[in-house]
Every structure is written in structure tokens, then in C-alpha cells.
Amino acid sequence: MSKTITRQSEDFSRWYTDVVQKAELADYSPVKGCMVICPYGYSIWESIQRELDGRIKATGCRNAYFPLFIPESFINKEKSHLEGFSPECAVVTHAGGEELQEKLVVRPTSETIIYYMFSKWVKSYRDLPLLINQWANVVRWEMRTRLFLRTSEFLWQEGHTAHATYEEAEARTLQMLDEYASFAENFLAIPVIKGVKSDHERFAGAHRTYTIEALMRDKKCLQAGTSHNLGQNFSRPFEITFLDNEGKTQYAWQTSWGVSTRLIGALVMVHGDDRGLILPPAVAPIQVVMVPIWKNDGQKEEIIRMLGGLTTDIKNAGLRVEQDLRENVTPGFKFNDWEMRGVPLRVECGPKDLEEKTVVLCRRDTGTKEKIPLADLTGKCVELMPVIQNSLLERARLFLKENITEVNNKEELAAVLEDKGGLVSAHWCHGHSCEDIIKQETKATLRCIPCDAPTEMGSCVICGQPSEKRVLFARSY
RNA sequence: CGGGGCAUAGCGCAGCCUGGUUAGCGUGCCUGCCUUGGGAGCAGGAGGUCGAGAGUUCAAAUCUCUCUGCCCCGACCA
């Protein structure tokens with residue numbers, strides 16, 4: 001393994017792969033397109049899970065678990081769902097040494113199997129709303145894969161709900177979109193744009209798809225989460241019906257929503273720099289790392305004792321702290337190593353500090369080093385956590401803002417996408433052919449119709465037909 | 001599925017064109033010494049079906065053929 005990672009400016013894509021592997025987030029598996037999530041990477045996922053699971057439950061959902069295998073006929077029940085997913089499904093044809101009577105699809109998403117069960121569970125309007133979430137792995141046989149961003153198997157949570165009215169389902173769809181946006185911004189320090197997908201980019205089987213879009217440091221966009229209003233598209237084929245309070249049979253109105261391990265890829269690409277990962281304190285598995293420095297055995301003992309005391313203090317203050325007592329590597333190596341892993345704060349403690357009753361505190365996000373009196377260390381660490389968290393969010397917000405460009409014609413749109421990159425805000429007629437022309441000519445896709453876009457009369461940058469809102473286009477992952 | 005490339009130690013590579021001692025280098029790993037305030041140094045050591053199969057030859061990592069796998073570009077894509 002080489003000592004340095006590729007610079008972002010040199011090759012962002014290689015930088016990303018280097019960081020993911022060298023920070024030990026993930027590794028390539030022997031199975032094509034699949035990845036191994038390493039302990040450090042998995043602890044980030046656990047951190048995401050813990051927080052998001054709490055937020056989801058707070059909205060009234062309960063966790064459940066549905067099978068990995070779905071009867072092939074289930075996938076076939078909803079036409080656009082089938083068309084969307086069947087090309088990328090892994091299918092089990094044999095088991096127990098025999099050919100199966102009905103093939104089993106390894107879930108690419110669980111709408112069908114969950115709604116089969118919903119049809120058994122929902123009988124009365126009193127059973128609604130039904131609010132279920134599951135944490136699971138799903139499989140989609142992608143042609144081109146990238147660690148965390150698109151792998152054949154990935155981990156996610158998928159929420160599935162059933163409601164008595166369209167309005168309730170729409171409200172739940174938007175509620176979860178807001179939860180995701182709030183989670184991304186406040187926990188991951190990733191600012192996002194909330195919006196609606198075009199008909200073309202809509203989830204296979206959905207009535208309407210909402211998205212949160214984030215901008216990576218290479219100015220490419222990433223869909224960081226989605227929330228779908230499914231209408232009655234699934235409740236009809238799966239016969240999820242209930243008797244309303246007038247005794248009439250009604251089909252349920254449904255939603256589904258999810259975020260995945262892709263969020264880890266977003267964390268890397270939104271905050272990272274040439275030294276590696278930068279983790280916001282809220283999500284960081286290790287928030288403070290303690291590095292001892294010594295010249296001889298006498299000092300070593302004394303410094304380790306002092307470090308141990310400080311570590312306990314910091315831990316008791318509620319922070320996630322770890323000591324790096326490895327003896328076979330130098331302090332310099334450790335500095336670089338922990339910077340690679342994105343730990344927000346590093347405490348250096350050596351002979352000089354012992355003498356002066358201080359330590360050196362180094363911030364990962366700014367790189368600044370500060371000499372701190374021993375007595376002030378814990379307080380300072382606690383105080384810096386929200387400061388760093390906020391500083392990362394503000395930095396990312398500014399970057400996002402600076403990289404949304406309004407354009408008013410096709411030439412401008414192409415030029416901005418080519419030279420500046422980022423998101424372009426343009427008028428569009430809602431026609432699929434215009435969307436497609438832009439994709440063909442600029443490789444940019446329609447990311448979303450932003451929820452907060454003001455009404456503004458204009459004309460489609462391709463066909464010139466009237467438009468009431470600007471929408472966002474960008475090249476994306 | 002179309003175009004291009006690669007396959008030799010855990011990882012990254014050289015050797016192949018022009019066949020010929022015991023297949024080498026960097027890094028990582030192990031042991032010891034010495035070091036430690038920004039990726040230390042020295043010494044010793046372990047580690048190889050040279051992707052698989054067949055052929056040519058006295059002799060194949062090296063030449064020929066077949067197969068397999070992977071990577072890049074395109075096409076495709078929640």
C-alpha cells in the first residue's frame with residue numbers, strides 16, 4: 001500500500017477509491033460488484049442506523065423483517081415495477097438440490113413481499129395507518145459498480161406505510177422526506193435539495209417520487225434518499241383493502257422510502273480532502289483520538305498514565321474517545337493515519353506537554369493546532385464538537401450555493417455544465433423529449449423539481465414552451 | 001453486448017519482444033536492535049501451482065492456440 005492517496009484535483013474518482021480503502025471503510029469482495037464493509041466503515045453505518053432508527057420510530061413506525069426471497073410472480077404483479085427491476089434481479093432457480101417450482105427473486109426492494117403481507121393485515125380503517133420499517137440488504141445486479149455508491153448488494157432501511165386517504169399518504173411521503181433532509185443536514189452535515197423526480201426518473205411503480213439531492217466536491221450530484229407516494233399502484237394488484245367507517249371497501253394509499261449505505265459514500269465525497277476522510281462529530285465512531293509521544297521508557301510510563309486519565313475524563317464527558325498506544329509506528333505515522341480516517345479531534349501528548357502541563361489539540365477540519373492546559377482539555381473537546389459539526393455544514397452549504405447556476409438557454413446550460421459543473425437551474429416544459437435531449441447532449445440528468453422553487457414564468461431551454469418553475473439538472477453518480 | 005487492456009508474493013509492479021542457472025524489485029508481514037513532536041533506520045527472515053488447459057521445444061513466466069477472470073471506454077442503470 002502506498003503512503004499517499006491520489007489528490008482530489010488529480011483524479012477525484014481514484015481519490016475516492018483510495019480513501020474508502022485506505023481509511024478501511026470497505027474492500028473489494030471476491031464476488032463481482034459486491035463489497036465488504038470493514039469494521040471502521042461498518043461502525044459509521046451503525047452510527048447512522050442508531051440515529052435514523054430513533055428518528056423513524058419517533059414518527060410512529062415499528063421495525064419488522066421480511067424475507068430475502070420473493071416469489072417471482074410477486075414482482076410481475078405491478079407492470080412498471082416489473083419493467084424497472086426485472087433486468088437487475090438475481091433469481092434463485094435451484095435449492096435443496098432440486099429445481100424450484102417457482103423461481104425466487106432475491107429482493108431488489110421489498111414492496112411486493114411486504115404488501116402481500118399488508119393485504120393480510122389490513123381489514124379495517126382502524127388498522128390504518130400501518131407504519132413499518134425494515135433494515136435489510138437488497139440486491140440489484142448493476143452493470144457498473146462503485147464502492148458504497150452502487151454495489152450489487154447494499155444495506156438500507158425501507159419504510160412502508162398504508163393509509164386510508166391519498167392526502168394522508170402524501171403527507172407521510174413529505175414527512176419522511178423532511179426527516180431525511182433533517183438527518184442529512186443535522187447529523188451528516190450534508191446540505192440537500194428536496195424535490196420531486198420527473199416522470200422519467202420516478203421509482204418503478206410510484207405515483208410520485210421525492211428525492212434529496214446532495215452535491216459532491218467534484219460537483220457531481222448524488223441522490224441521497226427517496227420517498228415515494230405509491231398511490232394505489234400496489235394496493236390494487238396486492239389487494240390491500242379495508243372497510244371504511246361507512247362500510248365501503250377501499251384500496252389503501254401507500255408510501256415507501258429509503259436511504260442506504262450510499263450515505264457513507266456521500267460523507268466521503270462531501271467532506272473529504274487530500275488527507276482523507278473528514279467525519280462530522282455526530283456521526284464519527286471516534287470523536288477524539290489520543291496520541292502519546294515519548295523518548296524513553298521512563299517518560300513512556302508517565303505519559304501513558306497521563307493519557308489514560310485524560311481519556312477517562314473525556315469519555316465521562318460523553319465523547320467517543322480512543323487511545324492509540326501502538327508501539328511499532330511513529331507519532332507521525334499515527335497523525336496521518338487518523339487524519340485519513342477523519343477523526344475530528346486529535347490530542348498529542350509528549351514530554352514537552354508533561355513538563356508544561358499541557359497537550360496539543362489538533363482539529364481535522366481546519367488542521368489548526370492549539371496548546372491547551374490539561375485542566376481545560378475535556379471542556380475544550382466538548383465545546384468543539386458542535387463547532388466542528390456546524391463548520392462542516394456551513395462549508396458544504398456555501399459550496400452547494402456557489403454551485404447552483406441559473407441558465408436561460410441551451411447554450412448557457414451546456415457551457416455551465418461543461419466548464420463550471422454543479423447544478424444548473426433552468427426552465428423546462430415537463431416534456432420527456434426535452435429532458436432526454438439534455439441528457440444526450442450534456443450527460444446531465446434532471447435531478448429534481450425543487451420543492452421550494454418559486455413560481456417564475458419562463459420558457460423551456462430546449463423547446464421554448466412556457467414553464468412555471470425552474471428545475472435542476474446536473475451530472476450525477 | 002461492442003471497442004481496448006491486463007493476469008507473476010498480501011498489495012503495486014519488472015522480467016516476455018530475442019525461450020536457457022536457484023523468477024526479481026518496491027511495499028506490507030515476522031524477529032531483533034535502535035528510534036518516536038508529521039508517514040524513521042539497520043540487520044536477518046517467511047512468503048510463488050508465473051490465471052487454467054493444451055501445444056511447439058532438449059528446455060516455456062517467455063512462443064502458439066483455447067478457455068476463464070478482472071479493469072477501462074461505450075451502451076445500460078434507483
Side-chain angles (χ1 to χ4, degrees), chain A residues 1-6 11 13-14 17-18 21-22 27-34 80-81 83-89 107-109 111 138-146 149-152 154 156 158 197-198 200-206 209-213 221-228 256-262 265 275-276 291-297 299-300 303-304 324-341 346-356 358-362 364 367 369 371 439-440 443 445-448 476-477:
Chain A
M1 202 187 294
S2 67
K3 283 174 181 173
T4 53
I5 53 178
T6 308
D11 183 342
S13 199
R14 267 188 62 190
T17 311
D18 284 354
Q21 288 180 91
K22 286 173 186 164
D27 204 350
Y28 290 104
S29 83
V31 181
K32 176 181 149 57
C34 295
S80 58
H81 193 66
E83 285 167 0
F85 283 106
S86 66
E88 53 187 69
C89 281
R107 64 181 165 219
T109 177
E111 273 76 7
V138 287
V139 169
R140 299 178 186 180
W141 220 253
E142 302 286 356
M143 305 289 265
R144 285 176 73 67
T145 55
R146 304 200 60 190
L149 301 180
R150 181 175 291 108
T151 45
S152 298
F154 58 91
W156 75 348
E158 48 180 324
K197 284 293 189 188
S198 67
H200 184 59
E201 301 271 336
R202 194 169 54 206
F203 173 74
T209 288
Y210 291 93
T211 175
I212 51 170
E213 299 285 326
C221 219
L222 182 74
Q223 181 175 299
T226 48
S227 186
H228 315 292
S256 71
W257 25 273
V259 298
S260 71
T261 38
R262 177 183 269 192
R275 290 173 171 276
V291 178
I293 299 153
W294 60 76
K295 306 272 188 207
N296 57 57
D297 281 357
Q299 283 175 349
K300 178 178 156 187
I303 284 167
I304 286 180
D324 186 353
L325 300 179
R326 286 179 289 177
E327 301 203 9
N328 53 340
V329 290
T330 62
F333 181 92
K334 292 177 182 177
F335 297 166
N336 285 286
D337 199 37
W338 291 111
E339 278 165 7
M340 174 81 76
R341 290 171 156 76
R346 179 179 71 241
V347 175
E348 304 171 13
C349 176
K352 286 181 220 159
D353 303 295
L354 205 58
E355 205 169 299
E356 299 170 27
T358 58
V359 288
V360 173
L361 186 62
C362 180
R364 174 63 181 91
K369 281 190 179 189
K371 196 174 275 191
K439 186 177 178 182
Q440 293 302 322
K443 291 181 181 169
T445 50
L446 205 170
R447 300 319 301 163
C448 70
S476 67
Y477 282 99

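Residue numbers start from 1 in every chain, and the chains themselves are labelled A, B, ... in the order their sequence lines are given, proteins ahead of strands.
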Whole-Å distance, A:Gln21 CD to B:rU27 P, equals 20 Å
Given B:rG39, B:rC77, B:rG74, identify the nucleotide with an atom nearest to the side chain of A:Asn336.
B:rG39
If I take atom CD in residue A:Glu339 and atom C1' in nucleotide B:rG38, what distance separates them, rounded to the nearest angstrom?
8 Å
Using the salt bridge (Lys or Arg N to Asp or Glu O under 4.0 Å) rule, take A:Glu339 and A:Arg341 through it: C-alpha gap first, then chi angles, then the decisive distance, then the call.
CA-CA 5 Å; A:Glu339 278 165 7; A:Arg341 290 171 156 76; over 6 Å; no
Euclidean distance for C1', B:rC25 against B:rG20 (whole angstrom):
22 Å
Trace of the salt bridge (Lys or Arg N to Asp or Glu O under 4.0 Å) decision for A:Asp337 with A:Lys22
CA-CA 9 Å; A:Asp337 199 37; A:Lys22 286 173 186 164; over 6 Å; no
Nearest-Å distance, NE2 (A:His200) to P (B:rC76)?
10 Å
Per the atom types in the model, does the base of B:rG38 pair as donor or acceptor with the side chain of A:Arg346 at under 3.5 Å?
yes
Select base, sugar-phosphate, or nothing to describe what A:Lys197 touches, counting heavy atoms under 4.0 Å on all strands.
base
Please work out if A:Glu201 contacts a base, only the sugar-phosphate, or nothing of the nucleic acid, heavy-atom cut-off 4.0 Å.
base
Look through every strand shown and name the nucleotide pairing with B:rA54 as Watson-Crick or G-U wobble, where both distances are under 3.5 Å.
B:rU64
Rounded to the nearest Å, what distance is computed from the CD atom of residue A:Glu213 to the P atom of nucleotide B:rA78?
13 Å
Applying salt bridge (Lys or Arg N to Asp or Glu O under 4.0 Å), run through A:Lys197 and A:Glu213 and close with a yes or a no.
CA-CA 10 Å; A:Lys197 284 293 189 188; A:Glu213 299 285 326; 2.9 Å; yes
Taking the P atom of each, how far is B:rG48 from B:rG24, in whole Å?
13 Å
Categorize A:Pro351 for me: base, sugar-phosphate, or nothing, with a 4.0 angstrom heavy-atom threshold over every strand shown.
base
Under a 3.5 Å cut-off for both contacts, is B:rG69 paired Watson-Crick or G-U wobble with anything, and if yes, with which nucleotide?
B:rC6
Roughly how far apart, to the nearest Å, are B:rC65 and B:rU57 at atom C1'?
16 Å
Checking N1-N3 plus N6-O4 or O6-N4 for Watson-Crick, or N1-O2 and O6-N3 for wobble, each under 3.5 Å, the partner of B:rG74 is B:rC1
With no angle test and no hydrogens, is the base of B:rG38 tied to the side chain of A:Lys369 by a donor-acceptor pair under 3.5 Å?
yes
With rounding to whole Å, what would you report as the distance between B:rU8 and B:rG2 at their C1' atoms?
30 Å
Just checking A:Arg275: base, sugar-phosphate only, or nothing, at a heavy-atom cut-off of under 4.0 Å?
base
Base, sugar-phosphate alone, or nothing: which one does A:Val360 contact when heavy atoms must sit under 4.0 Å apart?
base
So which nucleotide from B:rG37, B:rA78, B:rG74 ends up closest to the side chain of A:Asp353?
B:rG37
Do A:Ser476 and A:Arg447 pair up side chain to side chain, a donor and an acceptor below 3.5 Å, judged on atom types alone?
yes
Taking only the C1' atom of each, what is the distance from B:rG5 to B:rA46 in whole angstrom?
34 Å
Per atom distances to the A:Lys352 side chain, the nearest of B:rA78, B:rG37, B:rG38 is B:rG37
How many whole angstroms separate atom CZ of A:Arg146 from atom P of B:rC77?
19 Å
Which nucleotide, if any, forms a Watson-Crick or G-U wobble pair with B:rC42, using both distances under 3.5 Å?
B:rG32
Looking only at B:rA78, B:rU36, B:rG74, the nucleotide nearest the A:Lys295 side chain is B:rU36
I want to confirm an ordering. Mapping A:Lys300 and A:Gln440 to their closest nucleotides on RNA chain B, which one lands closer to the 5' end?
A:Lys300
What is the base-pairing partner of B:rG37, counting Watson-Crick and G-U wobble geometry with both distances under 3.5 Å?
none
Count the heavy atoms belonging to other residues, nucleotides or ligands that lie under 6.0 Å from CH2 of A:Trp156, then report whether that count exceeds 12.
yes
Could you give the distance separating B:rC13 and B:rU18 at their C1' atoms, to the nearest angstrom?
22 Å
Taking for each residue the nucleotide of RNA chain B bearing the nearest heavy atom, is the 5' side occupied by A:Cys349 or by A:Phe85?
A:Cys349
Within the 4.0 Å heavy-atom criterion, would you say A:Thr226 contacts the bases, only the backbone, or no part of the nucleic acid?
base
Rounded to the Å, how far apart are A:Glu348 CD and B:rG39 P?
12 Å
Quick one: label A:Arg150 by what it contacts on the DNA or RNA (base, sugar-phosphate, nothing), any heavy atom closer than 4.0 Å.
base
Beyond-backbone contact of A:Glu201 with A:Thr211, side-chain heavy atoms, under 4.5 angstrom
no
Between A:Asp353 and A:Val359, what is the shortest heavy-atom contact and its length?
OD1-CA, 3.4 Å
Using atom CH2 of A:Trp257 as one end and atom P of B:rA78 as the other, report the distance to the nearest whole Å.
22 Å
Would you say a side-chain N or O of A:Thr330 is under 4.0 Å from OP1 or OP2 of B:rA40?
yes
Taking atom P in both B:rG55 and B:rG3, what distance in whole Å separates the two?
30 Å
Tell me if the centroids of the rings in A:Phe203 and A:Tyr210 come within less than 6.0 Å of each other.
no
Using a heavy-atom cut-off of under 4.0 Å over every strand shown, decide if A:Thr209 touches base, sugar-phosphate, or nothing.
base
In whole Å, what separates the P atom of B:rA23 from that of B:rG51?
15 Å
For the side chain of A:Asp337, starting at C-beta, report the closest nucleotide among B:rG74, B:rG38, B:rG39.
B:rG39
Given B:rG37, B:rC77, B:rG38, which nucleotide is nearest the side-chain atoms of A:Ile293?
B:rG37
To the nearest Å, how far apart are A:Asn328 CG and B:rU31 P?
9 Å
